[in-house]
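In what follows, chains carry the letters A, B, and so on, assigned in the order in which the sequence lines appear, proteins first and then strands, with residues in each chain numbered from 1.
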2 protein chains.
Amino acid sequence: MEETSLVRNGVDIKKLIGTIKAVGTDPALGKFQFRVSNQWVNGGFNKSYIKDFYGAGQADNTRNAPFTCANDEPGVLLGQNKAPNPAEFVLHALAGCLTTSMVYHAAARGYKIRRINSTLEGDLDIRGFLDIDGAERNGYKAIRINFDIDGDFSAEVKEAILNMGPSLSPVFDIVRNGVPISVSLSNTAKEVEIDC
Amino acid sequence: MEETSLVRNGVDIKKLIGTIKAVGTDPALGKFQFRVSNQWVNGGFNKSYIKDFYGAGQADNTRNAPFTCANDEPGVLLGQNKAPNPAEFVLHALAGCLTTSMVYHAAARGYKIRRINSTLEGDLDIRGFLDIDGAERNGYKAIRINFDIDGDFSAEVKEAILNMGPSLSPVFDIVRNGVPISVSLSNTAKEVEIDC
């Protein structure tokens with residue numbers, strides 16, 4: 001009975017297959033735009049508000065209130081430790097997206113997952129941020145991720161599930177390959193556009 | 001009196017200058033390692049635990065309990081909307097890091113900031129994630145960020161403060177330029193290493 005269930009790994013298979021079919025037929029349904037607004041509070045403490053996005057051909061209105069997420073820094077980085085810091089949030093996003101990519105695609109292929117745990121490490125030298133040494137990059141020099149995956153499948157299937165992460169995860173692609181970012185300034189007589 | 005204050009923009013200037021001096025003298029103090037562990041719960045819902053890190057020459061032990069952050073997906077992406085999704089967390093991290101970079105470096109240069117607000121948009125086509133069209137990248141194709149910065153300074157200084165973000169922010173560098181990521185699998189007879 002398990003195999004004919006319409007929910008696998010917590011994913012509604014009928015809906016997943018329907019989504020793949022719909023987006024395959026009408027590519028415009030694949031276009032998404034995610035949005036965040038952020039407000040500085042004090043020092044290294046700031047808050048993001050996350051609610052609206054565009055996707056599947058329309059503005060989404062299923063979130064009644066925004067999610068509020070804070071960033072802060074630990075004391076050694078002159079903050080008050082009220083929240084994780086932005087570099088830690090990158091690892092959070094990466095872990096979540098890789099896991100969801102494995103879970104959804106394993107579900108579509110009929111693999112029932114019992115457990116996915118991951119640990120992530122990112123190496124960063126703050127001499128870049130402190131503008132001490134121009135030769136150091138500002139961001140992570142390397143990220144290592146270890147996955148512990150469990151389910152009733154062979155070692156080969158487990159490796160195949162692992163590979164669904166890096167090969168399909170949006171955030172993996174973002175953090176691995178980089179994204180063009182444009183930064184602009186509002187409320188000035190002259191608009192400044194930094195295209196990177 | 002304002003100008004001689006040791007706290008500017010919520011940043012302890014004496015501590016900031018002390019940090020720059022200490023790391024400049026002993027480069028080993030600049031090495032940081034951030035860590036996140038993540039646990040899959042169900043479907044697109046998973047949780048990260050963020051507590052320990054290494055930095056400034058020692059293991060940090062100032063956080064008594066881990067921060068817990070969830071990822072989920074909205075209904076249209078087969079989730080239950082319990083939390084922002086990982087791609088939204090990337091924008092959150094980016095906003096926070098750019099803002100903190102501006103705030104800290106403006107403080108070091110004597111500029112008092114009254115307000116920083118930002119709005120971010122990221123364009124993504126889920127045909128990549130859904131494995132529908134191999135030509136589409138999985139992650140964001142473009143990110144646009146607009147800053148509203150206010151304080152008692154000239155338009156030129158405001159532009160200089162804006163530039164401190166992209167030129168110094170660790171997360172901007174990560175998301176703009178990409179990071180080498182290695183993914184491994186534990187608890188298997190054979191260790192699988194995907195070096196990307």
From A:Ile145 atom CD1 to B:Ser184 atom OG, the distance as rounded to the nearest 0.5 Å: 9.0 Å
Best-contacting candidate, A:Thr119, A:Leu91, A:Thr19, against chain B by heavy atom pairs under 4.5 angstrom: A:Leu91
Hydrophobic cluster (4.5 angstrom, side-chain heavy atoms) - remaining members for A:Val41: A:Phe45
Under 4.5 Å from any heavy atom of chain A - which part of B:Ser118: both
Among the listed options B:Gln80, B:Met102, B:Glu121, the residue most often paired with chain A at heavy-atom distances under 4.5 Å: B:Glu121
Shortest non-hydrogen contact between A:Gly10 and B:Asn42, atoms and distance: CA-OD1, 3.3 Å
Expected output: side-chain B:Ser186 to main-chain A:Phe147 donor-acceptor under 3.5 Å: yes
side-chain contact (heavy atoms from CB on, under 4.5 Å) between B:Leu78 and A:Asp12, worked out: CA-CA 7 Å; B:Leu78 314 182; A:Asp12 185 326; 5.5 Å; no
Atom of A:Asp125, atom of B:Pro27 and distance for their closest heavy-atom approach: OD2-O, 4.5 Å
Joint hydrophobic cluster, B:Tyr140 plus B:Phe89, side-chain heavy atoms closer than 4.5 Å: no
Hphob cluster co-occupancy, B:Phe34 + B:Tyr49, side-chain heavy atoms under 4.5 angstrom: no
Under 4.5 Å from a heavy atom of chain B, the part of A:Glu73 involved: side chain
Hydrophobic cluster membership, A:Val179 vs A:Tyr54, 4.5 Å side-chain cutoff: no
Option passing side chain to side chain contact (heavy atoms under 4.5 Å, CB included) with B:Trp40 (candidates A:Ile149, A:Val103, A:Asn117): A:Val103
Exercise: identify the closest heavy-atom pair between A:Gly75 and B:Lys15: O-NZ, 3.0 Å
Segment of A:Phe53 engaging chain B (4.5 angstrom heavy-atom cut-off): side chain
Atom group of A:Thr62 that falls short of 4.5 Å from chain B, counting heavy atoms: both
Under 4.5 Å from any heavy atom of chain B - which part of A:Asn9: both
Side chain, backbone, both or neither of A:Tyr104 within contact of chain B (heavy atoms, under 4.5 Å): side chain
Trace of the side-chain contact (heavy atoms from CB on, under 4.5 Å) decision for A:Asp131 with B:Met164: CA-CA 10 Å; A:Asp131 214 6; B:Met164 291 168 192; over 6 Å; no
Test side chain to side chain donor-acceptor pair (under 3.5 Å) applied to A:Arg35 - qualifying residues, sequence neighbours left out: A:Gln33
Options A:Gly122, A:Ser37, A:Cys97, ranked by heavy-atom pairs under 4.5 Å with chain B, top entry: A:Gly122
Winner by heavy-atom pair count (cut-off under 4.5 Å) against chain B, out of A:Gln39, A:Lys31, A:Lys47, A:His92: A:His92
Closest heavy-atom pair and its distance - A:Ala95, B:Asn38: CB-CB, 3.5 Å
Common cluster, A:Val175/B:Val36, ILVMFWY with side-chain heavy-atom separation under 4.5 Å: yes
Stepwise side-chain contact (heavy atoms from CB on, under 4.5 Å) test for B:Leu94 and A:Ile181: CA-CA 10 Å; B:Leu94 198 47; A:Ile181 304 175; 4.2 Å; yes
Most contacts with chain B, counted as non-hydrogen pairs under 4.5 angstrom, among A:Gly55, A:Gly165, A:Ala142: A:Ala142
Residue part contacting chain B, namely of A:Val23, when any heavy atom lies under 4.5 Å: both
Part of B:Val171 within contact of chain A (heavy atom distance under 4.5 Å): side chain
Full working for side-chain contact (heavy atoms from CB on, under 4.5 Å) between A:Val76 and B:Phe32: CA-CA 11 Å; A:Val76 70; B:Phe32 275 67; 4.0 Å; yes
Exam field: side chain A:Asn138 to backbone B:Ser167, donor-acceptor pair closer than 3.5 Å: yes
Partner chain B: residue of A:Thr100, A:Leu168, A:Ile113 with the largest heavy-atom pair count (under 4.5 Å): A:Leu168
Atom group of A:Ile50 that falls short of 4.5 Å from chain B, counting heavy atoms: side chain
Spacing of A:Ile20 atom CD1 and B:Ile126 atom CD1 [to the nearest 0.5 Å]: 9.0 Å
Contacting moiety of A:Leu77, where chain B heavy atoms sit under 4.5 Å: both
Side chain / backbone / both / neither for B:Asn46 at chain A, heavy atoms under 4.5 Å: side chain
Positions in residues 63-71 of chain B that reach chain A, provided some heavy atom is under 4.5 Å away: B:Arg63, B:Phe67, B:Cys69, B:Ala70, B:Asn71
Options A:Asp72, A:Leu98, A:Asn81, ranked by heavy-atom pairs under 4.5 Å with chain B, top entry: A:Asn81
Test side-chain contact (heavy atoms from CB on, under 4.5 Å) applied to A:Lys21 - qualifying residues, sequence neighbours left out: none
Geometric class of the A:His105/B:Phe129 ring pair [parallel <30°, tilted 30-60°, perpendicular >60°]: perpendicular
